[in-house]
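Chain identifiers are assigned alphabetically (A, B, ...) following the order of the sequence lines, protein sequences preceding nucleic acid strands; residue numbering begins at 1 within each chain.
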Amino acid sequence: MSFLSILCFFLCFSSALSTNSEGNALHALRTRLSDPNNVLQSWDPTLVNPCTWFHVTCDTSNHVVRLDLGNSNVSGTLGPELGELKHLQYLELYRNNIGGKIPKELGNLDKLISMDLYGNKFEGKIPKSFANLKSLRFLRLNDNKLTGSIPRELTTLSNLKIFDVSHNDLCGTIPVDGPFASFPMESFANNRLNGPELKGLVSYDFGC
Amino acid sequence: MTTSHRAFIIFLHVFILTSFPCKTASSARIEAEALLRWKNSLPPSPSLNSWSLRYIKNPCRWTGIHCNARGLVSEIDLSNASLSGTIENLDFNSFPHLTSLNLNGNSFNGSIPSGIDSLSRLVFLDLSNNLLAGSIPPEIGNLTEIRYIGLYNNYLEGEIPYQIGNFRKVEYLNFGSNFLKTPDWSRIPSFPLLKHLSFFYNELRLGFPGFISSCLNLTFLDLSVNHLTGPVPESLFNNLEKLEYLNLTANSFEGPLSANLTKLSKLKDLWLGNNSFTVYILDSISLISDLRILELFNNSFQGNIPASLGRLRSLERLDLSTNSLNSTIPSEIGRCTNLSYLALAQNSVTGSLPLSLSNLTNLYELGLSDNSLSGEISSHFLSNWTKLTSLQIHNNTFTGELPSEIGLLTNLSYLFLYKNAFSGSIPRSIGNLLNLLALDLSTNHFSGEIPPTIGNLTHLLILQLYSNNLIGTIPPVIGDLQWLKALDLSTNRLSGQLPESISNLVHLTTLYVFTNNLSGILPRELGRNSYSSARVSFSNKRFSGELPPGLCSDCFKNCTSLTRVRLEGNHFSGNISDAFGVHPKLKFLSVSRNQFTGQLTPKWGQYEQLTNFQMDHNRISGVIPAEIGNLTQLHVLTLDSNELIGEVPTELGNLNQVFSLSLGNNQLNGEIPRSIGQLTSLQFLDLSRNKFTGNIPDVLENCEGLQSLNLSNNFLLGDIPFELGKLLRLQYFLDLSNNSLSGVIPLSFGKLNSLENFNLSHNNLSGRIPSALSGMITLQNDPDTFLKDLLDQRLPLPTGQIAEEVVFVVTVALSCTRSTPESRPHMRYVAQQLSANTQPYLPEPLDQ
């Protein structure tokens, strides 16, 4: 059984060398993703922080503010650990083959300005927790396989300028309050949505 | 050798002495000759010196040979005799009376010969701990008298032969630590006398081997480290009531733990870690009252840590780590006073440590890391836990000061308190922990100075104190920690110079002191003694002076193992032209934001593994050598904000993995080379603030991954190529401002609907602003700069009320050009707004 204890020692040792939760979170993401183009090759978990990893950008306090993995041909799923990237402003994962559910923990990223998950294979619901993303300006979830209704809680995102959920499998009605008053109909195209909400007449998950 | 093994031998002697009363000289001669033939086939070994022709008449006196009463060989015991060669030349036919063959602990290779089945009287066979390969011959099943068979720790492969089912008398069977595969278990019947069974560390797959549940006399069962799946059959719990040792670690068994588990009431050791067992840890597990070892780590258990575990007074080892347990630690655990190993790490355990844990005076290892535990570590615990060799409570929310009683734990090798909220100073008594190998107090709120007693910890390999509030200077005694491999003092408020003594740390591979208030020059000797430096980082704000020659001339030139260099953000100066030798392994170089001078030499082209080359914000002069184009592994190249001159070499077009290229803010001139179109991985391109002339190359359309393009502040001429409108991934920047571009804005720009920042100002553009630009729906909401840049540059910028009205009118106008009719304002609303705004008495314009 000695090799087990060596393994254990090695794990303890390496976790002692890794430092911040952001690096750990990103490394956990790496383990979930398959990366045929080796775009994550530089993600060395033994480094003191992830700021020198490619496709990761930090601010002057060494906090991760950008994750740029659009068009990187990665597949796999996302995990709750992404919620540890508390300082993230840009989460750019568009046009990949990432599947599974969108982790509700992404709703913890309250500094987020832009979340681009479009052009993947995400399924399940749009997390209600996105209503916490008060700084969010761009939310593009189009071209996935999302189901359920558009959470009404998102109408409280007063900074939201761009919202695109077209080409999914969403149902229910389209919100009309808050920023949703100004989003064009193309943003909702190709779903099973039942047109703009008629307040008091039809429940918003009508047809779900 | 176990006691049961010894009992066997004694049993065999009695058996042999009584069975064969008469002597057969010729048979004895045949045996002696067979032994000699085998010996001669083996590489010479002193252990067989007594085996010689001279004594051929009495082989019974040879080393390792025992005879029966008739003078015939009955036992061969050559265990741990330093023998090698094969057993293929041992003529088994010559030993019809052999009952015991023990070759354990040699270096025999080759396979197990199928002829072994000639040993028809064999009762004891031990071939463990050799280098035997190949598969187990099916003929082995003919050894029907076998009671003890050990093939442990060889290189045996293939399926376990089902013929072992013929071992009707076997009591001990150990095939562990080989590469054996799953046979058709249904062809193997039960073994009525089997007590000890191990298939540990093989390649067994599929479900639980069916025959095991009928081996009613089993006391020891080890199936650990295989790939077995599915549930553990209820029949195991119902039938094997004699079981004392059950080890299923590191398989893929699943399902809830059966309540029938408690029927195994004689269990002492229960190892179920590293499987997929689910739901709850049985409260009733405490009914197995003799449990000594309980390992359930790395499963999917949730809910409580049962308080009833406190009844297991014999418990020595409890490992519940890496599950989803979310209760507090029950104070009853403190009753298990024989515990020497307690691991609850990587759960969601909450609350503070119950005081009763101070009763656990026999603890050697305590692992509570990665939970949500809180409260203080009272001195009461520490003064009772003096046997601890490892204390790992990192990644919790423990608070308060670290009591000076920590100095009582003089057996500690590992002390991990990192990522908590400990405060106060680091006790001086930490210097008493003379056996420490790793000390990690990082990411807490420790304040005060680093105690100089730390210099006593001369066995330390790892010292991590980063991300605290430590002040004062780095004590020079740190140079006494001669075995130190990793030293991380970064992100504190340490001041003063790096002590010269750090140069003594010849084993250091990681040295991080960045983000402190350190100042002054680096020790001259740094790096001179250390040829294993792999990672160094000094990024502080105030280091100055030239790089120490030990790092620069000797190490930077000669350390062939150097893989990463980070010196960014200091005030380092000096000429860098000749500072670096050639490091074939260098992968990462960042010396950004210093005051280095000198030139880029063609030698840089030899860093073939370099993936990151950042020299921005220095005072590097001269031209970019064409040899940089040899660095084909490069992903990031930033040379911006230097004093580079000359043209961009065409060869940079070879860097087809580069995704970030930044040459801005230099004195580069000439045309932008057309080879830039070969950089198909490019995402960020910055050539701004140079003296580039000529046209914007249309081949930029090949860089279709571009997210940011900045060509501003050059002398670029001619039309904006419409091909730029094909760069649909442009998101962060498209800045062509402050050039001499002419002609019209390409209509194709309207398709850039992800773009957030767009600037074409200060050019000689003419014509209309294409209405298609209203498709650029993501432009950031920053109307002042946006509008200013769009307005006719030949007119003075509007100010005051005029500016407000312009903003207002453009805002209204743009809202009328929204792409979907539904989102455009009503004409009546527009008319109202426009007419209202012209009323001179309105104090505030409606400009949002």
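We find that B/Arg317 and B/Glu295 are joined by a salt bridge, their nearest charged nitrogen and carboxylate oxygen being less than 4.0 Å apart. Here A/Arg192 pairs with A/Asp169 in a salt bridge; the nearest charged N to carboxylate O distance falls below 4.0 Å. Between A/Asp116 and A/Arg140, at least one side-chain N (NZ, or NE/NH1/NH2) sits under 4.0 Å from a carboxylate O, which counts as a salt bridge.
Put simply, of A/Arg95, A/Gln41, A/Arg66, the one with the most heavy-atom pairs under 4.5 Å next to chain B is A/Arg66.
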Checklist entry - Could you walk me through whether A/Glu81 and A/Arg32 pass the salt bridge (charged side-chain N to carboxylate O under 4.0 Å, His left out) check? => result CA-CA 11 Å; A/Glu81 61 278 348; A/Arg32 291 174 188 275; 2.6 Å; yes
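Heavy atoms closer than 4.5 Å to chain A are found nowhere in B/Gln657, neither backbone nor side chain. With a threshold of 4.5 angstrom between heavy atoms, A/Thr52 approaches chain B through its backbone and through its side chain. Contacts between B/Gln614 and chain A at a heavy-atom distance below 4.5 Å are absent for every atom of the residue.
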